[in-house]
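Step one of this worksheet: look at the structure below.
No hydrogens, no waters, no symmetry mates; every other heavy atom, side chains included, goes into these values. Labels below follow one simple rule: chain letters A, B, ... track the order of the sequence lines, proteins then strands, and each chain is numbered from 1.
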Number of protein chains: 2
Amino acid sequence: MNLKQLSELLGLSQTTVSRALNGYPEVNEATRERVLQAVKETGYRPNKAAQRLATGKAGSIGLVMPTAPGHQSDVHFGEFLAGLGEEAVRHDFHFVIMPADPDDEVAALRRLAISGNVDALFVAYMRGHDPRLAMLKSLSMPYVVHGRSYGSEPDYPYLDIDNEGAFYDATRLLLQLGHTRFALMNGPMHLDFAIRRKNGVLSALAERGLTLEEGCTSHALMTDEQGLLAMEHFLQLPERPTAILCSSTVLALGAIRAVNQAGLRLGEDISLIAHDDVLPLLKPESFSVPLTTTRSSLRAAGLRIAQRLIGTVKHAGPFPDQELWKTELIVRASTGPVPQS
Amino acid sequence: MNLKQLSELLGLSQTTVSRALNGYPEVNEATRERVLQAVKETGYRPNKAAQRLATGKAGSIGLVMPTAPGHQSDVHFGEFLAGLGEEAVRHDFHFVIMPADPDDEVAALRRLAISGNVDALFVAYMRGHDPRLAMLKSLSMPYVVHGRSYGSEPDYPYLDIDNEGAFYDATRLLLQLGHTRFALMNGPMHLDFAIRRKNGVLSALAERGLTLEEGCTSHALMTDEQGLLAMEHFLQLPERPTAILCSSTVLALGAIRAVNQAGLRLGEDISLIAHDDVLPLLKPESFSVPLTTTRSSLRAAGLRIAQRLIGTVKHAGPFPDQELWKTELIVRASTGPVPQS
DNA sequence: AGTGGCATCCAAAGCGCTTTCAATTATGTA
DNA sequence: TACATAATTGAAAGCGCTTTGGATGCCACT
C-alpha cells in the first residue's frame with residue numbers, strides 16, 4: 001500500500017493525502033479525518049526512503065562504533081548509547097551505527113554523513129588535534145562532539161566534562177592528605193580526555209613543586225587487564241607511589257586486584273581516586289573498599305547530546321553550542337593519609 | 001555532486017556511469033576506468049536514500065534496543081553489538097537501532113521493519129511464547145532470532161546456546177560433589193533462556209530425587225545488585241543452600257559480595273557456577289576466587305548472526321536455519337565438595 | 001454585477017538512483 | 001559482401017514521497 005493507492009482509494013490526490021498526514025493546515029478537517037481513518041484501516045505506512053529522498057530528512061542520528069576483530073568492546077560505548085537511546089525514543093528517532101576500524105574513523109564518518117542516512121552526527125573518542133573536526137565543519141550537517149580536541153580551536157559544538165578540573169581537584173585532595181609520590185593511570189595518550197587529565201594532575205602537583213616521576217604515568221586502553229599491568233608496574237618501582245589517579249573505574253578494577261595481590265591495603269598503603277562514568281556494572285561504592293571518585297554520568301551526557309542533536313534537526317533550538325560539565329569529587333574509603341614509612 | 005552531474009562531466013549517460021560503478025559487465029573497461037577516476041577526483045558518493053528507493057535494499061540490519069528512563073543499560077547488549085559490528089564492517093553494512101520501551105517491542109519491531117530502513121532484522125531478548133514470532137513470519141523480511149521461544153513451534157531461524165544442557169551439566173557437577181541443597185539465581189522469568197536453564201537444573205536434580213526448594217529460585221534483572229539481594233536472601237534461609245547456579249557473571253558479582261559480607265568462603269562453604277557470556281569486564285578467572293562457569297561467547301554469537309543475516313540479504317547463502325551451540329563447562333575454584341556440617 | 005479573499009484541492013515537477021528496452025557500433029561468419 | 005552476433009551505450013520509465021504553483025468554488029463587500 002503506497003500513497004498513490006491510498007489516495008485513489010479515497011478519491012483524493014496524493015497531495016491532499018500527504019498534507020493531511022503531515023499536519024498541514026490547508027486541508028479540511030473532515031477530509032483529514034477520512035484520511036486518518038483510512039490509514040488506520042489499511043495500515044498504510046509511508047516509505048521512509050522515499051520520504052527521505054523527497055525531504056532530505058532521515059529522522060536519525062549517526063555515529064561511528066569503533067570495532068575490529070580482537071578490538072575489545074567498550075563498556076563506555078554501550079552506556080553512552082543507552083543515554084542517546086533514552087532521548088531518541090521520545091522523538092521517534094533512531095541511530096545509524098557505522099562500525100569502523102578505529103584507524104578509519106575520518107573516512108567512516110564521512111561515509112556516514114554523505115550516505116544521506118542521517119540528519120546529524122555524534123562524534124566521540126576525540127583526539128588531540130582531531131582531524132575529524134575540519135571534515136565536520138565542511139559538512140553542513142549538525143553534529144555534536146562528545147569531549148573536545150586539545151590543540152584545536154574550540155569553535156565547534158561540544159559537550160565535555162571538566163577533565164582537567166576533575167583531576168586537579170582529585171590531586172589536590174591527595175596532596176592535602178600528605179601524598180607526594182603520585183602515579184597516573186590514564187587512557188590512550190592520543191585521546192583528548194587523557195591529555196587534559198594529565199594536565200590537571202601536573203598543574204596541581206606543580207603548585208607544590210612536584211611532578212609525575214619517570215615511569216609513573218601509564219597510557220593504555222581502559223580495560224581491567226591494563227589496569228592490573230599498570231599497577232603491577234607502579235608497585236615495583238623503587239620509589240613506589242602512594243597516590244594513584246585512575247582514568248576509569250574499569251582500570252581501577254584491575255589496579256585494585258594488583259594491590260590486593262601485592263598484599264597492600266587500599267586506602268592505607270595506597271590511595272586511589274578513579275574517574276567514575278557511572279557504569280551500572282562498576283559502582284564505586286560496591287568495591288570491597290569503596291572508591292573515592294570524580295563522577296560524571298556518561299549516560300546523562302548521551303542523553304543531553306541526543307537532546308541537542310534532535311532539537312537542532314527539528315529546529316527546536318537554540319541550544320548552547322558548548323557545554324562543560326563539572327564533575328563531583330566524592331570521597332570514600334580508597335583515599336587516606338599518606339602512610340608513615 | 002550527483003549522478004547526473006557526474007555523467008555530464010564525463011560526457012556519458014547516467015546509465016553507463018551507474019553500471020560502471022556497480023560492476024556490471026557490459027561496460028567497456030576503459031570507460032569504467034575513466035568513471036572510477038572521476039569519482040576519485042570529485043569525491044562523488046551515491047545518495048543512499050535514492051539508491052534504496054530504487055533498489056529496495058538498504059545495506060543495513062535493524063535491531064531494537066530496549067531502553068527507558070531508569071532502565072539500566074545492559075552490558076550484554078553492548079557486547080553482542082560488538083560482535084554484529086565486527087562482521088558488518090566487513091560488508092559495509094550498518095545498523096539501524098530503534099530504541100524502544102521494553103513493553104513496546106512488538107510494535108517497535110514492526111515499525112522498524114516497515115520503515116524501509118533495513119534489509120533484515122535481528123531479534124533478541126526472546127520470551128516464552130514470544131508474540132514477535134508471528135509478526136516476523138508475516139513480514140517477508142529476513143531475520144534471525146537470538147535465542148528461542150519456549151512454547152512456540154521451532155520453525156523460525158535462530159541461533160541459540162544449549163541453555164538447558166549447560167545448566168544440566170553444571171548441576172550434575174555439583175551433585176557429584178555431594179551437594180544437595182541448590183539455589184538458582186536466574187534472569188527474568190519470562191525470558192526463554194531463564195526457562196530453559198531452570199529446566200536444566202530441575203531435570204538434573206530430579207534424577208537424584210531432588211528439587212529446588214521453596215525460596216531457592218530467584219528471577220530478576222541480571223544486575224549485580226539483584227545478585228547481591230538474591231544471595232542475601234538465600235543465605236538467610238533456614239536450610240541454607242550450598243550450591244548456587246547463576247545465570248550471569250554479572251549476577252555472580254553481586255552474589256559473591258554477599259557471600260563475602262556474610263563471612264563465608266566461596267568454593268568451600270558455598271559453591272557457585274555462573275554462566276559466562278565472555279564479557280570483557282567480567283572475566284571469571286579474574287575473580288578473587290576464580291569462577292567455575294558454563295561458557296559461550298555472546299560476541300561470537302553476534303558475529304555469527306550478522307554473518308547469516310548479511311549473507312541472506314546478499315544471497316550468499318544458504319545458511320543453516322537453526323543453530324544450537326553447546327556451552328563449555330569450565331571448572332575453576334568456586335566449586336568444591338559439599339562442606340561437612 | 002464585479003472584485004478580492006479564503007478555504008480546499010490537484011497536477012505535475014522534482015529528489016537521485018536503477019533498470020528495461022532500444023539503438024548504435026564493432027566483430028565475426030558464410 | 002551481406003548478415004547475424006556481440007559489445008557498448010543511452011533514453012526514459014519508474015521507485016514513493018513532498019511541494020510548488022496553480023485551479024476551483026464560495027463568500028462577503030462595494
Side-chain angles (χ1 to χ4, degrees), chain A residues 1-36 38-39 42-60 111 113-119 140-141 313-315, chain B residues 1-36 38-39 42-60 92 111 113-119 141 313-315:
Chain A
M1 167 68 59
N2 57 25
L3 226 211
K4 190 172 174 194
Q5 294 168 350
L6 182 66
S7 59
E8 279 167 2
L9 189 104
L10 283 160
L12 288 168
S13 73
Q14 297 187 39
T15 312
T16 305
V17 177
S18 169
R19 285 189 177 133
L21 291 174
N22 294 312
Y24 281 67
E26 64 265 58
V27 35
N28 191 313
E29 262 322 303
T31 318
R32 191 190 305 274
E33 284 305 321
R34 268 182 65 215
V35 172
L36 260 29
V39 165
T42 59
Y44 165 78
R45 290 272 141 189
N47 176 312
K48 285 276 183 191
Q51 225 164 14
R52 172 173 320 173
L53 183 57
T55 60
K57 297 277 154 229
S60 69
R111 256 181 296 155
I114 302 184
S115 74
N117 278 328
V118 300
D119 298 323
S140 77
M141 169 175 287
V313 170
K314 290 193 164 180
H315 303 293
Chain B
M1 169 67 59
N2 56 25
L3 227 211
K4 188 171 174 194
Q5 294 167 350
L6 182 66
S7 60
E8 278 167 2
L9 190 103
L10 283 160
L12 288 169
S13 73
Q14 299 187 37
T15 312
T16 304
V17 177
S18 170
R19 285 206 266 247
L21 291 174
N22 295 312
Y24 281 66
E26 64 263 55
V27 35
N28 190 311
E29 264 319 306
T31 319
R32 191 190 304 276
E33 286 304 324
R34 269 183 62 214
V35 171
L36 260 28
V39 164
T42 59
Y44 165 79
R45 289 273 141 187
N47 177 312
K48 284 277 183 189
Q51 227 164 12
R52 171 172 321 171
L53 183 57
T55 60
K57 298 276 154 232
S60 68
D92 198 27
R111 254 179 300 157
I114 302 184
S115 75
N117 279 327
V118 300
D119 298 324
M141 169 174 288
V313 170
K314 289 192 164 179
H315 303 291

Quick check: on DNA chain D, is the nucleotide nearest B/A54 upstream (toward 5') of the one nearest B/S13, or the reverse? Name the residue that is more 5'. B/S13

If you take any heavy atom closer than 4.0 Å to DNA chain D, which residues from residues 20-32 of chain A end up in contact? A/N22, A/Y24

Between C1' of D/dT18 and NZ of A/K48, the distance in whole Å: 14 Å

Considering every strand and a 4.0 Å limit on heavy-atom distances, what is the contact class for A/R19: base, sugar-phosphate, or nothing? base

For the helix from C/dA1-D/dT30 to C/dA30-D/dT1, figure out the bend between the end axes, five pairs an end, and round to 10 degrees. 50°

Going by the salt bridge (Lys or Arg N to Asp or Glu O under 4.0 Å) test, which pairs reach into residues 47-57 of chain A, not counting sequence neighbours? none

When rounded to whole Å, the CD to P distance for the pair B/Q14 and D/dA11 reads 10 Å

Got a sec, which pairs hit salt bridge (Lys or Arg N to Asp or Glu O under 4.0 Å) with one end in residues 13-25 of chain B, sequence neighbours left out? B/R19-B/E26

The side chain to side chain donor-acceptor pair (under 3.5 Å) partners of A/T16 (sequence neighbours excluded) come to A/S13

Distance, rounded to the nearest Å, where B/K4 contributes NZ and D/dA12 contributes C1': 13 Å

Verify, without hydrogens or angle tests, whether A/N47 (side chain) and A/A49 (backbone) share a donor-acceptor contact under 3.5 angstrom. yes

Would you mind classifying the nucleic acid contact of A/T55 as base, sugar-phosphate or nothing, using non-hydrogen atoms under 4.0 angstrom? sugar-phosphate

Which two nucleotides bound the region of DNA chain C that has atoms under 4.0 Å from heavy atoms of chain A, read 5' to 3'? C/dT8 to C/dG16

Indicate whether OP1 or OP2 belonging to D/dT9 is found under 4.0 Å from a side-chain N or O atom of B/T16. no

A/E8 side-chain N/O to A/Q5 backbone N/O, donor-acceptor pair under 3.5 Å: no

Looking at every non-hydrogen atom in both residues, tell me the closest pair between A/S7 and A/V17 and how far apart they are. CB-CG2, 3.7 Å

Touch check for A/T15, heavy atoms < 4.0 angstrom, all strands: base, sugar-phosphate only, or nothing? base

Whole-Å distance, B/L10 CG to D/dG10 P, equals 10 Å

